[in-house]
Amino acid sequence: MGTIHRLLVANRGEIARRVFRTCRDLGIETVAVFSDADADAPHVAEAGQAVRLGGPRSYLDADAIVEAARAAGADAVHPGYGFLSENAAFARAVLGAGLVWVGPPPEAIAAMGDKIEAKALMAAAGVPVLPTYDLDDGDARPEPPLLVKASAGGGGRGMRIVRDAADLAGAVESARREALAAFGDGAVFAEPLLENARHVEVQVLADGHGTVWALGERECSVQRRHQKILEEAPSPAVTPELRRELCDAAVKAARAVGYVGAGTVEFLVGDGVVAFLEMNTRLQVEHPVTEYVYGVDLVRLQLEIAEGAPLPGLPPSPVGHAIEARLCAEDPADGWRPRTGVLHRFEVPGVDAEFRAAGTLRLDSGVTDGTLVGPHYDPMLAKVIAYAPTRAGAARRLAGALAAARLHGPATNRDLLVNVLRHPAFLAGETDTGFLDRHAAAVTAPRADADAVRLSALAAALARAAANRAAARVLGELPSGWRNVVSQPQRSAFAVPGESGERVEIAYLLTRDGLSAEGFDGVELVSAAPGEVVLSVDGVRRVFSVHACPDVTYVDSVLGPVRLTPLERLPEPVPRVEPGSLLAPMPGTVLRVDVEPGDRVAAGQPVVVLEAMKMEHQIVSPGAGVVTALDAVAGRQVEAGAVLAVIEEHADDIADDNTGTP
Amino acid sequence: MTIVTSGLDTSAPEYAARRAAMLARLGELADEHAKAVAGGGPKYVERHRARGKLLARERIELLLDPDSPFLELSPLAAWGTEYPVGASVVTGIGVVEGVACVINANDPTVRGGASNPWTLRKSLRAADIALRNRLPLINLVESGGADLPAQKEIFIPGGQVFRDLTRLSAAGVPTIALVFGNSTAGGAYVPGMSDHVVMVKDRAKVFLGGPPLVRVATGEEADDESLGGADMHARTSGLADYLAADEHDALRIGRRIVARLNRRRPGPASAPAPPPLYDEDELLGIVPEDLKVPFDPREVVARIVDGSDFDEFKPLYGPSLVTGWAALHGHPIGILANARGVLFGEESRKAAQFIQLADRSRTPLVFLQNTTGYMVGREYERDGIIKHGAMMINAVSNSTVPHITIVMGASYGAGNYGMCGRAYDPRFLFSWPSARSAVMGPAQLAGVLSIVGRAAAEARGQVYDEEADAAMRQAVEAQVEAESLPFFLSGRLYDDGVIDPRDTRTVLGLCLSVIGDAPAEPSGYGVFRM
């Protein structure tokens, strides 16, 4: 142990940036690592040095990271969360290379990393636990409902709910596969499924001098597929007595494994039940809510502990309430499937601080304008954290900020987060793990209703008109769409992305008397610019921000965000001729057909011979493939342009190198 | 900066009355325009749509750049004739892929888009505008050919349509034909003479002789498609450069052709243009209903030129004609505007000098007409009013800068000539609904006829029939009045359209812009008779 001068963060995205922020505060130089997919990522750009690791999974390559630290002259490694953060072998490798490991001792990681063992250890230390069912024991027949979990895992991966004993074997099998792929360890176990319980966790900090702090609890019960999306501190369901109980248990747990550093002890809290779930031997995604409420910088404390410093005095007392939302590129309406693509704009209004608990709104973002959200990593784009004296105040602040955010790119869970934060049940503190299932209909509806979509489309059309005028090379100075003889309106059509495939057609006329748009009675145009349209609807003025990106136009207003795909007025016709069609070059008679349907043909191989103008014309295959259609018949007259045969290019040589990543 | 000071009292009852009268005429104008837009009427429009076809104006709207302006030309053509208003064709100037073009679209809902004598005149005028201003000409073709009962008025002069096309091409002005339907017999030479030809699959029909004619002429049995289908022309005859899958595709290809014309704008980029300081809406209340009452054209100038900024030339000399310099949408212009109707010798000399100055500085001229003609009377004839008028007409005729004329009010007598009437070939001429144009005022004309008739009767020793005279005067006055109205004159193609006075700045801005696309011509003069 010693003073850290140059720290490598073995991670990506917002957590790497979060650690770098504290490093800058402390004067520590920074080293980033990156996969090829992340070469242009923000965390790479803002580090003092950056080392390329390799393919998309290279953040799991412990050797490469240790080598990167050596190459960049780092003297310490912070693992962030996920990837190798709870990998004892990696911690050992870092320590073995003579570097400072910003994390708990490898032994503590190992002890907690195996959940089956950890539960036994905790039970022995007097921490309450749920029973564990050994799935390798053929005689054990645990009663559903059950939760199958990966012993090595976290983040919901390798986790399956089993409600019917018949499904157990299948669930175990698929959980094993997923766990093996994600963590390199296929061990799974089962425990009773505690439905609609709360997920409450306690932040602990332990120094190397025997001091252990428990910095209160975080409630992380609003989850989808066992992944948290909203976290808060303190929990609305935890009484001072329960808090003491949880904190005592957490401190016991930390002491039981000789813990040093920052960690989190997770509990399930149900009807009169408190049970140890697991200990996360790393910094949590949701650590900012604790930082707000306790006024600490957890990364700074991690670094100081790693440097051998003792915790400063007594733990601080909690003040106020903080809520964190995880903004993810995923579509709640489509089974939470992750979405990829370019994030053209990422703006959260009113942010007081980034990567720092200050003011009332904090943003920890792994993306910036123009970031390409790829398929390789967690779809989380950013965390937005609000802080207020009361829980209701924090929820309102956070909902307001998310609602007004500009998220122009892949679909996100933003509307769902806003809906949850404004839902009466959430505000009443009824936030157990079944919350989303129970209120699915209410919270997954987009905030923009059909009228909002139509008004947004009108705004998009008018913004486009303004953009067209501004970009006009000639006569741009004349009024938009001016006609001395008015015969019809200008037209713009948009497709609304989603399953509905809905089209919105806007017909508008701009005259000296203002806007007249079909089906928009009572709507007046106040102003139109390429980026902003102000409409007055029945006397109420609303601002519509319009951002036209390639293929998609994003409209933001108080009515909710709307994504629209502008449709071409004069689209290129879909070719009616199948690709690979062989056409008669001139009118003639089919002399001979040299192939049968289904035949494989080589490039240049004659397919049909045509006689025209007393000459034989060979029609040859343009490439290797299979004859999928054969219209030519010997002796038949054909017109120029007639389809004689269709050759489908063969796919044999297209290598299947899609290895797939978790 | 020389800002025009307005003396217009918008709270005066006269202003309200003038405005109300102008709005009433604009209402009538809108009704007449609606007739042109209605084409062949609901029955034929529906039949056309039922065939999956777009209307002429729909084709134009899709061809134009979205939200760009379009100035329809001669929309009232054939008004007051036996043919429908609009003359079964739509012409105008619009922007396609950033290039100002002249568009000529047959309206197939009006007698199959067949040409009548007014169709021909309207199309020839559009081609003339294309040539003078070097604007690519795009024909949207679907016409049954000549309206056969009127063939004698069309056949021989109609050849000019095809001659114009190739002369445009020879002058380096591209011509494009998008063929949507029939384009047969003589009409086949529209694609035939165009630089670029697109035909719509299964729709375009281009042949010299259709199946009946071919059978009569040669006995051959052939169908439309084999004689002149789009597919045949695209693959075999080569008359079509592009085969369009449908009408939208034809318009798409047409736009791509224009995009690849490599047209660059030779004229100077217009400077930033502040709008007029006065409200254009007030243009409605300037012209009195009774054209005997003069009005100050500076009130008009103040509402159409950039920043209402107008530097008057010779303001103290010949005050019946206002001359001066201004800019309109950034284009520098010289303006000649009648102030008190009558042109005297001083006004004529002032105009001649001003036009020479504009020619020297290559500044386009805008004529704002409200003239009752050159002054008559012994004193003025002795003073040489003919010489002075001739000087002005000489200057107008031989000036080589572009001219644009707006008929705001009266345009009588030789004043029409001196102020660049239609015969003096301004690049564009538009009328306000308040315009009147004739050899002289209807009352004067009737009075002259009466005096001449009385003299003739007296010479023959007959007693003049006063009752008949009164009836004759009334009838003549009514006829001349009717024939001097803007719809009537616009119907005969004596202007390029009747416009809303409030659109004057926009129309002039568009015209000045496309005029700027034409290269400067050398300046030179005939001899002034001094």
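Basis for what follows: all heavy atoms, side chains included, without hydrogens, waters or symmetry-related copies.
- Residue with the most contacts toward chain A among B/V95, B/L62, B/V37: B/L62 (heavy-atom pairs, distance under 4.5 Å).
- A/P573 has its side chain out of reach of B/D246: every pair of non-hydrogen atoms, C-beta onward, lies at least 4.5 Å apart.
- If you measure heavy-atom distances from B/P66 to chain A, the contacts under 4.5 Å come from both the backbone and the side chain.
- The closest side-chain heavy-atom distance from B/D65 to A/N468 is not below 4.5 Å.
- Only the side chain of B/D500 has a heavy atom closer than 4.5 Å to any heavy atom of chain A.
- For B/R255, the part sitting under 4.5 Å from any heavy atom of chain A is the side chain, from C-beta outward, and nothing else.
- The two residues A/V474 and B/A100 have their closest heavy-atom pair at CG2-N, 4.3 Å.
- Between A/Q490 atom CD and B/D67 atom CG the span is 4.5 Å, to the nearest 0.5 Å.
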Intermediate values then yes/no, side chain to side chain contact (heavy atoms under 4.5 Å, CB included), B/F70 and A/L475
CA-CA 10 Å; B/F70 181 64; A/L475 302 179; over 6 Å; no
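- When all heavy atoms of B/P69 and A/R469 are compared, the closest pair comes out as CD-NH2, 3.5 Å.
- At a 4.5 Å heavy-atom cutoff, B/I60 makes no contact with chain A through either its backbone or its side chain.
- A distance of 13.5 Å separates CZ of A/R569 from CZ of B/R252, quoted to the nearest 0.5 Å.
- The distance from atom OG of A/S487 to atom NE2 of B/H33, rounded to the nearest 0.5 Å, is 11.5 Å.
- Contacts of B/E280 with chain A are made by side-chain atoms alone, with heavy-atom separations under 4.5 Å and no backbone atom involved.
- No salt bridge links B/E58 with A/R491; every basic N to acidic carboxylate O contact stays at or beyond 4.0 Å.
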Between A/L478 and B/H329, is the side chain to side chain contact (heavy atoms under 4.5 Å, CB included) condition met? List the steps.
CA-CA 8 Å; A/L478 301 193; B/H329 277 303; 3.6 Å; yes
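- In terms of heavy-atom pairs under 4.5 angstrom with chain A, the leader among B/D231, B/V90, B/I499, B/L64 is B/L64.
- The line from CG of B/L510 to CD of A/E477 is 8.5 Å long, rounded to the nearest 0.5 Å.
- Judged by distance alone, the side chain of A/N484 and the main-chain N or O of B/L71 form no donor-acceptor pair under 3.5 Å.
- Two residues are said to be in side-chain contact when any heavy atoms from C-beta on lie closer than 4.5 Å; A/P489 and B/E61 fail this criterion.
- Heavy-atom distances place no part of A/A472 under 4.5 Å from chain B, backbone and side chain included.
- Remark: A/E572 CD to B/D249 CG distance equals 8.0 Å, nearest 0.5 Å.
- Of the charged side-chain nitrogens involved, at least one lies within less than 4.0 Å of a carboxylate oxygen, so that A/R512 and B/D503 count as a salt-bridged pair.
- For B/R57, the parts lying near chain A are the backbone and the side chain together; criterion is any non-hydrogen pair under 4.5 Å.
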